[in-house]
Number of protein chains: 2
Amino acid sequence: MSHSNDDESAPAEGRASDAVVDQIQRQILSGTLENDSLLPSERDLMEQFSTSRTVIREAVATLASRGLLEARPRFRPVVRKPGYDTALNSVGSIVQLMLQQKGGIESLFASRVFVERGLVRDAALSANREDISALKEALAKNKNAIADSETFYETDMAFHGVLYGIPRNPIFPAIHIAYCSWLKPHWGQMLRSPERNEVNYASHMAIYTAILERDPDAAEEALATHLSTAWEYVRETFGAP
Amino acid sequence: MSHSNDDESAPAEGRASDAVVDQIQRQILSGTLENDSLLPSERDLMEQFSTSRTVIREAVATLASRGLLEARPRFRPVVRKPGYDTALNSVGSIVQLMLQQKGGIESLFASRVFVERGLVRDAALSANREDISALKEALAKNKNAIADSETFYETDMAFHGVLYGIPRNPIFPAIHIAYCSWLKPHWGQMLRSPERNEVNYASHMAIYTAILERDPDAAEEALATHLSTAWEYVRETFGAP
DNA sequence: AAAACATTTTGGTAGAACCAAGACGGGGTA
DNA sequence: TACCCCGTCTTGGTTCTACCAAAATGTTTT
């Protein structure tokens with residue numbers, strides 16, 4: 001039963017960089033290394049941990065891959081206290097690969113539809129006044145941007161974003177951001193026109209109305225058709241199979 | 001407007017390791033580097049790419065962090081063709097951090113409940129014969145394991161796993177595996193007894209029945225109470241706030 | 001044929017050195 | 001005084017060499 005577990009308390013004596021990673025990670029989480037501050041120089045760190053620069057660099061790379069450090073090519077790494085967005089952000093590179101595989105985008109989009117169907121159902125059941133007014137406001141901005149295809153996309157995302165905020169679960173907004181960033185390359189260059197914006201706005205309004213009426217089935221239905229339609233736009237922009 | 005974008009086709013001239021990463025990544029995806037095979041030795045690679053070992057090591061570390069290579073401490077890296085499980089697996093380290101934060105496990109568990117509520121709804125609406133029989137089989141194994149608390153957990157997971165398979169979306173099984181691995185530390189050491197196993201089995205049966213009867217609301221309700229109850233067990237095992 | 005041993009290979013670490021680009025400071029000019 | 005230019009220092013990125021320990025491999029012994 002007690003197979004080899006990599007608990008944080010055990011050095012495990014495998015990689016020297018692990019100890020450094022562990023230390024720095026603690027410092028970041030505990031606030032000793034303040035958020036948005038610059039990590040000490042590699043040479044400072046190698047003195048501080050009394051190890052070689054090789055180990056330090058490896059540790060920094062590891063932390064960067066975990067999202068605890070933001071390391072631009074020739075700049076000092078920036079300390080980033082992790083959030084749920086950080087987690088999802090770090091998978092981006094792999095997801096991009098997955099999306100290039102056969103059926104990748106379809107699967108991802110289907111998962112989004114699945115999530116948002118649940119979201120609107122819950123919204124219809126449990127949205128409070130704040131949620132409703134937030135939706136209303138987002139809807140208004142959405143309407144005002146119908147003529148402006150540049151900003152319409154943003155107001156569109158913002159409307160959906162409100163839905164992700166309703167469960168008061170910090171994971172969901174992070175998922176929303178992740179979906180947006182992952183699908184943007186395929187979604188962003190879609191053909192846009194005030195007519196289509198109008199259609200999308202109408203869909204949003206239908207969702208909003210269903211939520212107002214506390215009708216989860218109608219809300220789910222409205223959202224499903226909304227996303228399906230929008231998806232058809234995308235497939236029609238690219239080559240349809 | 002045209003800010004610097006880091007497309008994959010551009011070398012970008014930032015890090016030398018990026019080129020190596022790109023090359024090896026292509027070789028893995030194209031199958032030139034066969035899955036489960038061993039990566040060439042670092043010294044071979046540094047000759048092949050005519051660069052220093054440092055760069056090679058950095059590239060290997062990057063690919064390992066992306067899940068394309070499985071690099072145990074002192075062993076040759078193993079080539080791993082990426083899947084959706086790979087993606088979710090690579091976030092594990094960050095998620096573990098998140099779970100230690102205040103309300104972390106609650107948020108994650110709530111998201112799981114959310115997902116599975118949707119799953120059982122869809123199952124009730126669209127499960128076909130194969131799905132039903134798979135559920136039935138999983139349920140049978142679950143029943144047989146009631147007396148054996150060792151294996152009951154596995155059959156429990158397996159039952160839920162069937163639900164994740166019904167949408168025929170490869171992302172969902174990966175999510176299931178991720179949930180299991182992330183929650184296992186908190187879930188696994190839960191107090192278990194045949195009585196509680198009996199309760200869980202009854203819950204599964206209720207879900208199955210509701211799906212059979214094509215009643216999404218009942219299925220959702222059954223699942224929600226099931227997970228809530230199980231969650232209470234967990235909180236009672238640990239210190240409840 | 002299996003086990004024990006010797007050798008080679010290979011990943012992990014150290015350390016010095018170099019380069020190029022960012023950060024910094026000082027001095028000159030408007 | 002305020003601003004800009006330029007030299008210097010700092011620092012991350014890279015190369016190279018060397019060494020160690022453990023894994024992998026080959027050889028000998030039982």
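Values below: every heavy atom of this structure, side chains too, minus hydrogens, waters and symmetry copies. Worth saying up front: this structure is predicted, and the values here are computed from it rather than measured. Letters A, B, ... mirror the listed sequences (proteins, then strands); counts begin at 1.
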Which residues pass the side-chain hydrogen bond (donor to acceptor under 3.5 Å, both in side chains) test with Thr32(A), not counting sequence neighbours? Ser30(A)

Is a salt bridge present between Asp156(A) and Lys141(A), judged by a nitrogen-to-oxygen distance below 4.0 Å? no

Where does the angle between the aromatic ring planes of His160(A) and His204(A) fall among parallel (under 30°), tilted (30 to 60°) and perpendicular (over 60°)? perpendicular

By nearest nucleotide on DNA chain C, pick out whichever of Met46(A) and Asp44(B) is the more 5' one. Asp44(B)

Just checking, Arg112(A) and Phe109(A): is the charged tip under 6.0 Å from the six-membered ring centre and within 45° of the axis? no

Kindly state each residue pair satisfying salt bridge (Lys or Arg N to Asp or Glu O under 4.0 Å) with at least one member in residues 80-94 of chain B, sequence neighbours excluded. Asp36(B)-Arg80(B), Glu70(B)-Arg80(B)

Neighbours of DNA chain C within residues 55-62 of chain B, by heavy-atom distance under 4.0 Å: Arg57(B)

Anything under 4.0 Å to a heavy atom of chain B counts; send over the first and last such nucleotide of DNA chain C, read 5' to 3'. dT10(C) to dT13(C)

Using a heavy-atom distance cut-off of less than 4.0 Å, which residues of residues 63-75 of chain A contact DNA chain D? Pro73(A), Arg74(A), Phe75(A)

Could you tell me if Asp148(A) and Thr151(A) have a donor-acceptor pair between their side chains, going purely by distance under 3.5 Å? yes

Can you tell me if Thr51(B) touches the phosphate of dT14(D), counting only side-chain N or O atoms and a distance under 4.0 Å to OP1 or OP2? no

Heavy-atom contacts under 4.0 Å between residues 34-42 of chain A and DNA chain C, which residues? none

Within the 4.0 Å heavy-atom criterion, would you say Arg53(B) contacts the bases, only the backbone, or no part of the nucleic acid? base

Under 6.0 Å between the ring centres of Tyr201(A) and Phe152(A)? no

Considering residues at least two apart in sequence or located in another chain, which fulfil the salt bridge (Lys or Arg N to Asp or Glu O under 4.0 Å) criterion with Arg74(A)? none

Under 3.5 Å donor-acceptor pairs involving side-chain atoms of residues 91-98 of chain A, not counting sequence neighbours:
none

The criterion is side-chain hydrogen bond (donor to acceptor under 3.5 Å, both in side chains); which residues satisfy it with Tyr164(B), sequence neighbours excluded? Glu116(B)

Assign Arg43(A) to base, sugar-phosphate, or nothing according to its heavy-atom contacts below 4.0 angstrom with the strands shown. base

For Pro73(B), enumerate each residue passing the side-chain contact (heavy atoms from CB on, under 4.5 Å) test, keeping only those at least two apart in sequence or located in another chain. Arg15(A)

For Glu58(B), all residues meeting salt bridge (Lys or Arg N to Asp or Glu O under 4.0 Å), sequence neighbours excluded: Arg57(A)

What residues form a side-chain hydrogen bond (donor to acceptor under 3.5 Å, both in side chains) with Arg43(B), not counting sequence neighbours? none

